[in-house]
S.K.: 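For reference, the structure I am asking about is given below.
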Amino acid sequence: MQLERIRLSSLHQKVMSAEEACEFIQDGMTVGMSGFTRAGEAKAVPRALVERVRQSPIKINLMTGASLGNDLDKALTEAGLLARRMPFQVDNTLRKAINNGQVMFIDQHLSETVEQLRNHQLKLPDIAVIEAVAITEQGHIVPTTSVGNSASFAIFAKQVIIEINTLHLPELEGLHDIYIPSYRPSRLPLPLVKVDDRIGSTAIPIDPAKIVGIVFTNQADSFSTVSAPDADTDGIASHLVSFFREEVKQGRLAKNLSPLQAGIGNIANAVMMGLLNSEFTDMTMYSEVLQDSTFELIDAGKLKFASGSSITLSEPCYARVFGDLAKYKDKLVLRPQEISNHPEIVRRLGIIAVNTALEFDIYGNVNSTHVCGTRMMNGIGGSGDFARNAHYAIFVTKSIAKNGNISSVVPMVSHVDHTEHDVDILVTEQGLADLRGLAPRERAVQIINNCVHPDYRAQMLDYFERACERGGHTPHLMDEAFSWHVRLEQTGSMKG
Ligand code: COA
């Protein structure tokens with residue numbers, strides 16, 4: 001039964017245990033593994049590696065699409081396996097190891113990793129470990145619930161290990177669209193002009209001679225842990241829906257909006273849920289992670305097509321979607337992350353990009369990654385790929401965090417991921433600031449009046465007015481700009 005999933009019979013002899021396969025991974029190697037936002041990661045080989053290094057420690061440089069599920073980043077960190085990790089993670093244990101300098105983390109725009117590999121700006125992976133649903137007659141790899149960077153890892157690596165996960169339905173085949181851009185500078189335009197265009201193949205084309213091991217597994221992806229919408233996220237969604245309504249009225253947006261991109265996490269998912277109760281229909285999504293909200297919108301007849309790089313769902317939503325994949329298959333496509341996040345396509349399609357900020361400042365600079373300017377949270381992910389090139393670059397956040405001890409709007413961000421030049425709209429549950437066409441002093445007024453929590457508004461206005469007295473195009477009191485963060489670290493609260 002299992003062998004039917006390997007349709008090139010000469011590869012049957014490559015079937016082995018995860019313990020045998022992980023012997024191909026040696027000290028100092030760069031390993032490219034499948035996995036994107038806890039979907040479609042290789043599961044058995046990394047686990048076997050964790051067990052193996054208990055006897056003989058090794059270090060590897062690990063590249064993935066994005067975060068891994070099944071606590072693999074935790075296990076790999078605890079085993080001391082990781083020397084370097086890129087380009088994204090969301091694990092608490094790994095986060096601590098990154099922040100205490102044990103693991104060198106390269107926080108990268110998700111569309112750029114394989115572009116840098118292709119141009120030899122990064123060392124090519126020695127070995128790739130890719131989860132698959134099947135291997136075709138040509139020896140090509142059919143990915144599972146994510147594509148991420150798997151295609152280019154498999155193409156660039158000298159050796160490839162494939163994990164065939166029999167828990168994933170064979171019906172997943174056909175969902176993927178693998179397109180690999182050619183080399184620069186003679187590359188032609190990417191031939192994708194509509195969200196539902198298919199421009200590549202349904203499997204990853206590699207030379208089967210590179211496949212050194214095939215492992216069978218039977219383990220589910222981790223379920224997403226997003227929390228249900230709450231009053232604040234409902235507030236953010238409602239401000240955004242009103243904004244879209246006005247944009248349509250003014251003729252700046254079509255009635256079915258523009259293709260939507262939604263970032264990871266509770267807030268972006270909840271905001272997309274907010275569109276469920278709106279009047280907008282026939283919407284499309286050109287995003288990176290397809291979360292529960294994507295399928296809620298499809299089921300409600302609001303979303304007609306969704307393009308992404310992975311599918312990460314809560315347990316009930318997972319059962320619904322994969323229990324009846326035929327219902328969704330013609331409305332979905334999974335692409336390599338360099339295509340789902342490609343600046344050329346984001347600009348061409350006119351995407352509405354909704355991503356989450358940890359904090360933003362009174363002039364519109366956004367910090368999505370560093371708590372108090374120093375401690376890595378998750379990484380920039382695809383937010384910059386989208387925001388820099390979007391039709392509308394929108395950032396959302398609750399106006400306060402940690403029981404009100406943190407204001408998410410600060411005088412000056414303690415780390416910049418998205419500069420004021422790349423940000424159009426900021427939204428908190430308090431309101432929406434439309435920054436388009438405004439000078440810094442005008443932006444500050446919009447942001448303070450509409451986005452700052454009432455507990456911090458007077459304090460912020462005081463800062464801004466005194467900064468204006470001192471002057472400048474972007475007025476600041478340099479001796480005070482970070483005083484809110486300093487106060488938080490010293491007293492546990494930003495309140496003055
Ligand atoms: N300072 C410190 N901590 C803050 C904070 C701030 N200004 N703002 C929020 N937080 C904390 C929250 O309290 C929460 O902590 P907890 O996990 O201990 O409860 C945590 O950050 C997550 O915040 P939450 O409000 O639940 O939002 P989220 O789940 O939507 O995540 C980001 C927000 C910014 C961390 C997340 O969206 C992210 O990593 N973004 C960067 C990558 C990205 O945008 N990718 C999208 C491209 S597809």
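Order of listing sets the numbers, starting from 1, for every ligand and every atom in it. Values below: all heavy atoms of this structure, side chains included; hydrogens, waters and symmetry mates excluded.
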S.K.: Under a 4.0 angstrom heavy-atom cut-off, which atoms of ligand 1 come close to Gly382?
M.R.: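 Matching atoms, with element in brackets: 47 (C).
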S.K.: Looking at ligand 1, does any of its N/O atoms fall within less than 3.5 Å of an N/O of Glu359?
M.R.: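 Between Glu359 and ligand 1 (N or O atoms, distance only) the closest approach is not under 3.5 Å.
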S.K.: Measure the CD-CG distance between Glu359 and Asn365 for me, rounded to the nearest 0.5 Å.
M.R.: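 These two atoms lie 10.5 Å from each other.
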S.K.: What protein heavy atom lies closest to atom 36 (C) of ligand 1? Include the residue and the distance to one decimal.
M.R.: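 Result: Asn378 ND2, 4.1 Å.
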S.K.: So His476 and Tyr363, would you call those rings parallel, tilted or perpendicular, with 30° and 60° as cut-offs?
M.R.: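 Perpendicular, since the angle between the ring planes exceeds 60°.
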S.K.: Quick one: CD on Gln89 to CG on Leu94, what's the gap to the nearest 0.5 Å?
M.R.: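 The CG atom of Leu94 is 4.5 Å from CD of Gln89, to the nearest 0.5 Å.
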S.K.: With a sphere of 6.0 Å drawn around CG of Asn403, does it hold more than 12 non-hydrogen atoms of other residues, nucleotides or ligands?
M.R.: no
S.K.: Considering only heavy atoms of Ser383, which atoms of ligand 1 have at least one such atom less than 4.0 Å away?
M.R.: 43 (C), 44 (O), 47 (C)
S.K.: Which of the numbered atoms in ligand 1 are under 4.0 angstrom from any heavy atom belonging to Gly263?
M.R.: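 Within the 4.0 Å cut-off of Gly263, ligand 1 contributes 46 (C), 48 (S).
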S.K.: Touching ligand 1 at all, Gly379? Heavy atoms, strictly under 4.0 Å?
M.R.: yes
S.K.: Please report which non-hydrogen protein atom sits nearest to atom 29 (O) of ligand 1, along with the residue it belongs to and the distance in Å to one decimal place.
M.R.: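 Of every protein heavy atom, Asn266 N, 3.2 Å lies nearest to atom 29 (O) of ligand 1.
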S.K.: Out of Asn403, Asn355, Asp385, Val409, whose heavy atom sits nearest atom 46 (C) of ligand 1?
M.R.: Asn355
S.K.: Looking only at side-chain N and O atoms, does Asp434 offer a donor or acceptor that is under 3.5 Å from a partner on Tyr392?
M.R.: no
S.K.: Once you restrict to heavy atoms under 4.0 Å, what part of Ile264 touches ligand 1? Side chain, backbone, both or neither.
M.R.: both
S.K.: Measuring from the heavy atoms of Leu358, does anything fall under 4.0 Å of ligand 1?
M.R.: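 Yes.
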S.K.: Ignoring hydrogens, tell whether any protein atom lies closer than 4.0 Å to atom 23 (O) of ligand 1; use the non-hydrogen atoms only.
M.R.: no
S.K.: Just go through Glu288, Met377, His370 and tell me whose heavy atom is the nearest to atom 20 (C) of ligand 1.
M.R.: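 Checking each option, the heavy atom nearest atom 20 (C) of ligand 1 is found in Met377.
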S.K.: May I ask you to check whether over 12 heavy atoms, not counting those of Lys302, lie within 6.0 Å of atom NZ?
M.R.: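 Enclosed.
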S.K.: Using a strict 4.0 Å threshold on nitrogen-to-oxygen distance, state whether Arg85 and Asp91 make a salt bridge.
M.R.: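 The answer is no: the pair does not qualify as a salt bridge.
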S.K.: By number and element, which atoms of ligand 1 are closer than 4.0 Å to a non-hydrogen atom of Ile380?
M.R.: 42 (C), 43 (C), 45 (N)
S.K.: Using a heavy-atom cut-off of under 4.0 Å, does the side chain or the backbone of Ala401 touch ligand 1, or both, or neither?
M.R.: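 Ala401 to ligand 1: side-chain contact only, backbone stays beyond 4.0 Å.
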S.K.: Is Gln261 touching ligand 1 with its side chain, its backbone, both, or neither, if touching means heavy atoms under 4.0 Å apart?
M.R.: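 It is the side chain that gets close, since no backbone atom is under 4.0 Å.
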S.K.: Can you tell me the protein heavy atom closest to atom 14 (C) of ligand 1 and the distance?
M.R.: Lys402 NZ, 4.1 Å
S.K.: Under a 4.0 angstrom heavy-atom cut-off, which atoms of ligand 1 come close to Ile406?
M.R.: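 Close to Ile406: 1 (N), 2 (C), 6 (C), 7 (N).
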S.K.: Any ion pair linking Glu112 and Arg388 (charged N to carboxylate O, less than 4.0 Å)?
M.R.: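 Judged by the 4.0 Å cut-off on N to carboxylate O distance, Arg388 and Glu112 do not form a salt bridge.
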S.K.: Could any protein non-hydrogen atom be found less than 4.0 Å from atom 17 (O) of ligand 1?
M.R.: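 Within 4.0 Å of atom 17 (O) of ligand 1, no protein heavy atoms are found.
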S.K.: Indicate whether the side chain of Gln446 and that of Asn450 have a donor and an acceptor atom separated by less than 3.5 Å.
M.R.: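 Yes - a donor-acceptor pair under 3.5 Å links their side chains.
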S.K.: Would a line drawn from the ring center of Trp484 to the ring center of Tyr456 be shorter than 6.0 Å?
M.R.: yes
S.K.: Protein heavy atom under 4.0 angstrom of atom 7 (N) of ligand 1, is there one?
M.R.: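 Yes, there is one.
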S.K.: I want to confirm something. Looking only at heavy atoms, which of Val410, Thr356, Thr37 is nearest to atom 34 (C) of ligand 1?
M.R.: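 Going through Val410, Thr356, Thr37 one by one, Thr356 has the nearest heavy atom to atom 34 (C) of ligand 1.
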S.K.: Is there a heavy atom of Ala268 sitting under 4.0 angstrom from any atom of ligand 1?
M.R.: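 So Ala268 does not count as touching ligand 1.
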S.K.: When you measure from atom 25 (O) of ligand 1 to every protein heavy atom, which one gives the shortest distance, and what is it?
M.R.: Ile267 CD1, 3.5 Å
S.K.: Rounded to the nearest 0.5 Å, how far does CG of Asp232 lie from NZ of Lys398?
M.R.: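 These two atoms lie 5.0 Å from each other.
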S.K.: Between Ser383 and Ser368, do the side chains contain an N or O donor and an N or O acceptor separated by less than 3.5 Å?
M.R.: no
S.K.: Do Asp197 side-chain atoms and Ile199 backbone N/O form a donor-acceptor pair below 3.5 Å?
M.R.: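 Here the side-chain-to-backbone pair does not exist.
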